[in-house]
Amino acid sequence: MNNLGYACINMTLGKKGILTGRAMRKSTLDAKGLPYASQLALENAKDLKTILEWNVDHGIYFFRIGSDLFPWGNKIDITKLPDYNEIVKVLNDCGDYARANNIRLTTHPGPFNLLASDKEEVVLNTILDLEMHSTLFDLLKLDETPFNKINIHVGATYGNKEVAIYRWKQNFKRLSLSCQKRLTLENDDKESMYSVKDLYDSVYQDIGIPIVFDIHHHNFNTGGMDHSEAMKLACSTWPKGIRPIVHYSESKALHENNNKIKLQAHSDYISDFIQTHDNDVDVMIEAKAKELALLEYRKKYNI
DNA sequence: CATGGTCAAGTGGCA
DNA sequence: TGCCACTTGACCATG
C-alpha cells in the first residue's frame, strides 16, 4: 500500500473554520449574486492550501477535494466572478504545492451525475458538473490522467443495464477530452447495479475507462467475484505508471450495532486492516471522522 | 448562540 | 409514499 487519503473535510481545521466547502442555497445565490459566490470561492481556495499544508505536516499525500469549492460553479460562469483572477492565482499556487510535494488530488462529483440518464436535461447537468470539476483541475494544473481522477458511478439502470451502459458511453463522448482523460468509474453498492465485472466487460473493454474498486460496495454487489479477484481486475484497468485507487469504508450499522441504519452507510472510524491483496494501490478512506480516522488507523497498525 | 429543519440535483431499495 | 443512502454537511430561520 502506498498513500492513504481522506475525503473533502479536515475535522481538525474545520473546527477552526478552515474548509473548502463554503456553500449556499439557491435563494442566497439569487439574493447575493456573483460577488458572494466569488467571496466564498476565494476563501475556499485559500483554505485548500492550508489543508494541503496540514496534510503534508501529517504525512498525508492523498486528498479528495469537495465539490463545493466553487459554489454553484456548474451553473454560473466562474470567469465572471469578481475575484476570478485572484482565485486562479491561489489555485495555481495550490497546484504547484501539490506537485512539489507529490500530493495526489482527486474529486468525486455527486450521485446526480448520471451520464446514463434517459433525460437530456439530466445529462446536460451532468456534463456541466463534470466539466466544472475538470476546469478546477485545470486551474490547479493537475494531470489530464486518472492520476487526478474525477470519479463517478454509472449509478442507475432505468430497468435495462445494457441500454443504460450504451447511453453512458455515448454521452461520455460529449465531454471535453481533458475531462474524459480524468474520468473513472466506481462499482455500485446495490445488487441491481454495476459490479466491477459489469464495468470491466461493458465499459472498460469497449472504451477503456479505469475502474475504482470500492471494497465496501463490493460486499453488496460482487458480480460473482471475491475481493481479491475483483480488486485485481479493477487494478488491471489503470494505465501503466498510474497507481490504481481503491476506496475503503466500513459499515456504520455494524459499528454501532444499529439495524435502523443501512448497512451501506459509512462508519466514523475504521477498525479492520485494509487488505490490498498485494496490489500496489492508493487507498481513499471514506470515514465520517475523516483525517482523524486515517490517523487512528495508522496508529493502530503502526504504519 | 445553539438548535433543528432544510437545502440543487437522480435513483433505487425498503419500511 | 416517503425516507435513506450515495460525494459531503452547511445554511439559515427561529427561539
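No hydrogens, no waters, no symmetry mates; every other heavy atom, side chains included, goes into these values.
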Using both distances under 3.5 Å as the test, list the Watson-Crick or G-U wobble partner of C:dT8, or none.
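WC or wobble partner does not exist here.
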
Return the pairing partner of B:dA9 with a 3.5 Å limit on both distances, Watson-Crick or G-U wobble; otherwise return none.
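Per the H-bond distance test, none.
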
Donor-acceptor check, side chain of [X] to backbone of [Y], threshold 3.5 angstrom: yes or no?
| X | Y | answer |
| --- | --- | --- |
| A:Asn171 | A:Arg167 | yes |
| A:Asp282 | A:Ile245 | no |
| A:Tyr301 | A:Glu296 | no |
| A:Asn187 | A:Asp214 | yes |
| A:Arg99 | A:Lys141 | yes |

Out of [options], which nucleotide sits closest to the side chain of [X]?
| X | options | result |
| --- | --- | --- |
| A:Ala156 | C:dC11, B:dG12, C:dC6 | B:dG12 |
| A:Asp68 | C:dT8, B:dC7, C:dA5 | C:dT8 |
| A:Lys290 | B:dG12, C:dT8, C:dC6 | C:dT8 |
| A:Asn74 | B:dA9, B:dG12, C:dC6 | B:dA9 |
| A:Arg22 | B:dT11, C:dT7, C:dC11 | C:dC11 |
| A:Pro111 | B:dG13, B:dG10, B:dA8 | B:dG10 |
| A:Lys262 | C:dA10, C:dC4, C:dT8 | C:dC4 |
| A:Ile9 | B:dG12, C:dC6, C:dT8 | C:dT8 |
| A:Ser192 | B:dT11, B:dG12, B:dA8 | B:dG12 |

Would you tell me if any nitrogen or oxygen in the side chain of [X] comes within less than 4.0 Å of OP1 or OP2 on [N]?
| X | N | value |
| --- | --- | --- |
| A:Thr126 | B:dA9 | no |
| A:Thr157 | B:dG12 | yes |
| A:Lys288 | C:dG9 | yes |
| A:Lys119 | B:dT11 | yes |
| A:His266 | C:dC6 | yes |

Mind checking the [atom1] distance from [N] to [M]? Whole angstroms is fine.
| N | M | atom1 | value |
| --- | --- | --- | --- |
| B:dT3 | C:dA5 | C1' | 24 Å |
| B:dT6 | C:dT8 | C1' | 16 Å |
| B:dG5 | C:dC3 | P | 12 Å |
| C:dT7 | B:dC1 | P | 36 Å |
| C:dC4 | B:dG4 | P | 16 Å |
| C:dT14 | B:dA8 | P | 16 Å |

Once you round it to whole Å, what is the distance between [atom2] of [N] and [atom1] of [X]?
| X | N | atom1 | atom2 | result |
| --- | --- | --- | --- | --- |
| A:Glu43 | C:dA10 | CD | P | 14 Å |
| A:Asp129 | B:dA9 | CG | C1' | 8 Å |
| A:Phe70 | C:dT8 | CZ | P | 21 Å |
| A:Met24 | B:dC7 | CE | C1' | 13 Å |
| A:Leu40 | C:dG9 | CG | C1' | 15 Å |
| A:Asp118 | B:dT11 | CG | P | 7 Å |
| A:Met284 | C:dT7 | CE | P | 12 Å |
| A:His153 | B:dT11 | NE2 | P | 15 Å |

Indicate, with a heavy-atom threshold strictly under 4.0 Å, whether [X] touches base, sugar-phosphate, or nothing.
| X | result |
| --- | --- |
| A:Glu191 | nothing |
| A:Ile152 | nothing |
| A:Gly155 | nothing |

Is NZ or CZ of A:Arg182 both nearer than 6.0 Å to the six-membered ring centre of A:Phe147 and within 45° of the ring axis?
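Because its charged atom misses either the 6.0 Å distance or the 45° angle limit, A:Arg182 does not stack over A:Phe147.
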
A cation-pi test, strictly: NZ or CZ of A:Lys190 under 6.0 Å from the centre of the six-membered ring of A:Phe220 and no more than 45 degrees from its axis. Yes or no?
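No.
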
Answer yes or no for this row: A:Phe112 ring on B:dA9 base, centroids under 5.5 Å, planes under 30°.
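A:Phe112 ring centre within cut-off of B:dA9 base, planes near parallel; stacks.
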
Have a look at A:His227 and tell me which of A:His217, A:His218, A:His216 forms a ring-ring contact (aromatic ring centres under 6.0 Å, His included) with it.
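Testing A:His227 for a ring-ring contact (aromatic ring centres under 6.0 Å, His included) against A:His217, A:His218, A:His216 leaves exactly one candidate, A:His218.
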
Kindly say whether, by distance alone, the side chain of A:Arg64 makes a donor-acceptor pair under 3.5 Å with the base of C:dT7?
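In this structure, the two groups form no donor-acceptor pair.
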
Select from A:Leu29 and A:Met11 the residue whose nearest nucleotide in DNA chain C is closer to the 5' end of that strand.
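That would be A:Met11.
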
First encountered from the 5' end of DNA chain C, between A:Arg25 and A:His217
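The answer here is A:His217.
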
Assigned glycosidic conformation for C:dT7 [threshold 90° from 0]
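Glycosidic conformation of C:dT7: syn.
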
